[in-house]
Enquirer: 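Shown below is the structure under consideration.
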Protein chains: 2
Amino acid sequence: MSVTSERQTAKRAQILKGAMAVFLRLGYAGTSMDRVATEAGVSKQTIYSHFQDKEGLFRSLIEGETLARFEAVFQLDPHQVDPETLLRRLAQIYFTQVVDNSQYVPLLRIVIGESERFPELARLFTETVAQRGKKLLCEYFRHHPELSIRDPEAIAQIFFGSMVSWVILQKMLYGEASFDLSRDRVVNQLIDLIVGHSGNRSYSD
Amino acid sequence: MSVTSERQTAKRAQILKGAMAVFLRLGYAGTSMDRVATEAGVSKQTIYSHFQDKEGLFRSLIEGETLARFEAVFQLDPHQVDPETLLRRLAQIYFTQVVDNSQYVPLLRIVIGESERFPELARLFTETVAQRGKKLLCEYFRHHPELSIRDPEAIAQIFFGSMVSWVILQKMLYGEASFDLSRDRVVNQLIDLIVGHSGNRSYSD
DNA sequence: GTCTATACCCTGATAGAC
DNA sequence: GTCTATCAGGGTATAGAC
């Protein structure tokens, strides 16, 4: 039975891998089960023996991607680090560990695009991904009153929201074709605004 | 001929109105031409006599919505207004004239969701909508060196990006269910950061 | 559990009457 | 230009052999 179980989970992973390639490229409605079967290298009936239907497959896929990808992100200890270093490190983690992953942009696109058909996936995404860094930053602000941050949650929204909207505008909506603006400039100005330093270093230092 | 032409444009507008209701709710692939015909109150063949195919209808719809909706936005004269008033007025225009329109969130969602299949629509959207306010704000910063804005474009990205990402998180991805954060708090903190005032007024004052 | 073959519906697009 | 009727193809999901 353990062998059978291993085979099952292997097939399941194989199906999910193929499904991810198709769903993230073509969206939910644009994806056919035939195409998933071909991409995964299994027959259609095999998919239906592991997942109830197309919706169930899609939910399992997005849920798994959301939870697996971001559970190890933003785990740093914020104490005993100066503010500029913390903000720069958070930006670095977001850009190098999240944005530079080739599946982040398509995943964000499909979560947004299908957020009306699958609202619970959208909520899962916001709760696991968006709130994580925000809570860490808010806690830091509350323990550092010398920064005189009036509204930590609003500042956290500004900090992460500026970076996310940069990704959407530049990478998702092809804004870089008509408007060149590097990550570093946004991060430097954010740090300049929040902690009042000049902020000329790169986020990747 | 003028009567015929009027009838044509009336039918065309009728089709586009029905198409908008369906496309914005179900996405491109999720929309069927049968459903558009029913919603618009015309037959399917009538649609095909006005538009080449499904793609052509979709492109006309999104292009028209993008151009018509935002051509009158951000037309204010920025000169001889103090910085806080300008930023607060820009935020007010964005939230009341853009976000509060019931079609903005679905339109933004579908432009993002279909940005891989229709990249030229995504570029049109960024160029007409996103860049308009940004350019106005940048020009203002350049004419007001007393604000000592080092990187106007980056600050403009932070200003508008924070508001757009607030809409995406709170309204599109249902973040308001787990995280309450009002517009006013974000706008007040943005103004506080950029012009250094306390910012306790409402954006709608 | 996995495959081939198939049922049945709905899709985009068109033909022809008026 | 607008409608009804229809075509060919692809959609999800399932039946039955092994």
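A, B, ... follow the sequence lines: proteins, then strands. Residue 1 opens every chain.
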Enquirer: Near DNA chain C, under 4.0 Å by heavy atom, which residues of residues 17-28 of chain A?
Expert: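 Result for residues 17-28 of chain A: none.
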Enquirer: Can any side-chain N or O of A:R132 pair as donor or acceptor with the backbone N or O of A:T128 at less than 3.5 Å?
Expert: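 Present.
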Enquirer: A:P83: what forms a side chain to side chain contact (heavy atoms under 4.5 Å, CB included) with it, not counting sequence neighbours?
Expert: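 Expected list: A:Y140, A:L147, A:V195.
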Enquirer: Round to a whole Å and report the spacing from CD of B:Q14 to C1' of D:dT2.
Expert: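 The distance from CD of B:Q14 to C1' of D:dT2 comes to 12 Å, rounded to the nearest Å.
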Enquirer: Pick out which of B:V111, B:L107, B:V105, B:I112 makes a side chain to side chain contact (heavy atoms under 4.5 Å, CB included) with B:R109.
Expert: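 Answer after filtering B:V111, B:L107, B:V105, B:I112: B:V105.
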Enquirer: Starting at OH of B:Y48 and ending at P of C:dG16, how long is that distance when rounded to a whole Å?
Expert: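 These atoms are roughly 18 Å apart.
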Enquirer: Could you go step by step and tell me if B:R69 and B:Q103 meet the side-chain hydrogen bond (donor to acceptor under 3.5 Å, both in side chains) rule?
Expert: CA-CA 10 Å; B:R69 180 162 310 288; B:Q103 283 151 358; 2.8 Å; yes
Enquirer: What do you reckon, are the aromatic ring centroids of A:F23 and A:F58 less than 6.0 Å apart?
Expert: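 Between A:F58 and A:F23, which both carry aromatic rings, the centre distance is below 6.0 Å.
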Enquirer: Is the centre of the A:F160 ring less than 6.0 Å from the centre of the A:F74 ring?
Expert: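 Ring centres of A:F74 and A:F160 closer than 6.0 Å.
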Enquirer: What is the separation between atom CD1 on B:I47 and atom P on C:dT14, rounded to the nearest whole Å?
Expert: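 For the pair B:I47 CD1 and C:dT14 P, the rounded distance is 13 Å.
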Enquirer: Distance check needed: D:dA5 P versus B:Q45 CD, whole Å only.
Expert: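 Rounding to the nearest Å, CD of B:Q45 and P of D:dA5 are 14 Å apart.
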Enquirer: Rounded to whole angstroms, how far apart are CZ on A:F51 and P on D:dT14?
Expert: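 It works out to 16 Å between those atoms.
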Enquirer: Tell me if the CD atom of A:Q52 is crowded by more than 12 foreign heavy atoms within 6.0 Å.
Expert: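 No - once you tally the heavy atoms of other residues, nucleotides and ligands closer than 6.0 Å, there are 12 at most.
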Enquirer: Just the rounded figure in Å: distance from C1' of D:dC3 to CD1 of B:I15.
Expert: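 Value for this atom pair: 13 Å.
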Enquirer: Look at the aromatic rings of A:F70 and A:Y104 and report parallel, tilted or perpendicular, splitting at 30° and 60°.
Expert: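 Answer is perpendicular, since the angle exceeds 60°.
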Enquirer: Under 4.0 Å: is that the gap between some side-chain N or O of A:S43 and OP1 or OP2 of C:dT4?
Expert: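 For C:dT4, OP1/OP2 do not have a side-chain N/O of A:S43 under 4.0 Å.
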Enquirer: Among the nucleotides D:dT2, C:dT2, D:dT12, which one has an atom lying closest to any side-chain atom of B:K11?
Expert: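 Comparing D:dT2, C:dT2, D:dT12 against the side chain of B:K11, the answer is D:dT2.
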Enquirer: Counting side-chain heavy atoms from CB outward, which of D:dC3, D:dT6, C:dT4 is closest to B:T46?
Expert: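 Nearest to the side chain of B:T46 among the choices is D:dC3.
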Enquirer: What's the closest nucleotide to the A:V42 side chain, out of C:dT6, C:dC3, C:dT2?
Expert: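 Nearest to the side chain of A:V42 among the choices is C:dC3.
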Enquirer: Let's see if you get this right: which residues in residues 30-41 of chain A place a heavy atom under 4.0 Å from DNA chain D?
Expert: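 Going residue by residue through residues 30-41 of chain A, the ones with a heavy atom under 4.0 Å of DNA chain D turn out to be A:T31, A:S32, A:M33, A:D34.
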Enquirer: May I have the distance from A:E55 (atom CD) to D:dT12 (atom P), rounded to whole angstrom?
Expert: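 In whole Å, D:dT12 P and A:E55 CD are 12 Å from each other.
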Enquirer: Find the distance A:K54:NZ to D:dA13:C1' and express it as a whole number of Å.
Expert: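 Atom NZ in A:K54 sits about 12 Å away from atom C1' in D:dA13.
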Enquirer: For B:R35, look at atom CZ and say whether over 12 heavy atoms of other residues, nucleotides or ligands are found less than 6.0 Å away.
Expert: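 Open.
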